[in-house]
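For reference, the structure is listed below as structure tokens.
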Amino acid sequence: MSGNVRVDVKELGEALNSALTMMETMISNIQRFMPKAEETDISISELARVAGGERALIGECGYLLSKTYKSQVEECSLRGQLIQLHSICQKNNKSIE
């Protein structure tokens with residue numbers, strides 16, 4: 001060493017031991033929470049997959065509801081035409097008699 005630096009070896013050793021104890025505590029806590037973090041990651045991935053599937057199903061439901069509505073409108077139109085044709089046929093039958 002150069003210069004006039006003095007180190008209290010005992011104090012330095014205590015500081016290093018304190019830092020080591022702190023790191024060991026942190027490692028222990030991290031290791032304890034890792035399985036839960038991994039489980040949470042798996043759950044989030046599964047949730048994202050399910051949400052994507054649900055989004056696709058909602059889109060399909062919207063399409064089918066739209067198609068059903070169009071079919072109902074067409075059915076009402078055809079029923080109206082049928083009623084008109086039935087009415088015309090009855091008038092024609094009465095005028096023939």
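Just the heavy atoms: all of them, side chains too, but no hydrogens, waters or symmetry mates, feed the values below. FYI, the numbering just counts along the sequence from 1.
- The distance from atom CD of Gln84 to atom CD of Gln81, rounded to the nearest 0.5 Å, is 7.0 Å.
- Put simply, OG on Ser87 and CG on Asn92 are 9.5 Å apart, with the number rounded to the nearest 0.5 Å.
- Salt bridge status for Glu75 with Arg79: present, with a side-chain N to carboxylate O gap under 4.0 Å.
- Listed for the Thr68 side chain is a donor-acceptor partner under 3.5 Å among the backbone atoms of Leu64.
- Side-chain atoms of Ser28 do not come within 3.5 Å of backbone N or O of Glu24 as any donor-acceptor pair.
- To the nearest 0.5 Å, atom CD of residue Glu54 and atom SG of residue Cys61 are 9.5 Å apart.
- To the nearest 0.5 Å, the span separating CD on Glu46 from OG on Ser43 amounts to 8.0 Å.
- Rounding to the nearest 0.5 angstrom, the gap separating the CD1 atom in Ile42 from the CG atom in Leu47 is 13.5 Å.
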Go through Leu12 and Leu16 one step at a time and tell me if the side-chain contact (heavy atoms from CB on, under 4.5 Å) criterion holds. CA-CA 6 Å; Leu12 179 61; Leu16 287 174; 4.3 Å; yes
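- Summarising the geometry, atom CD belonging to Glu14 is positioned 11.5 Å from atom OG1 belonging to Thr21; distances are rounded to the nearest 0.5 Å.
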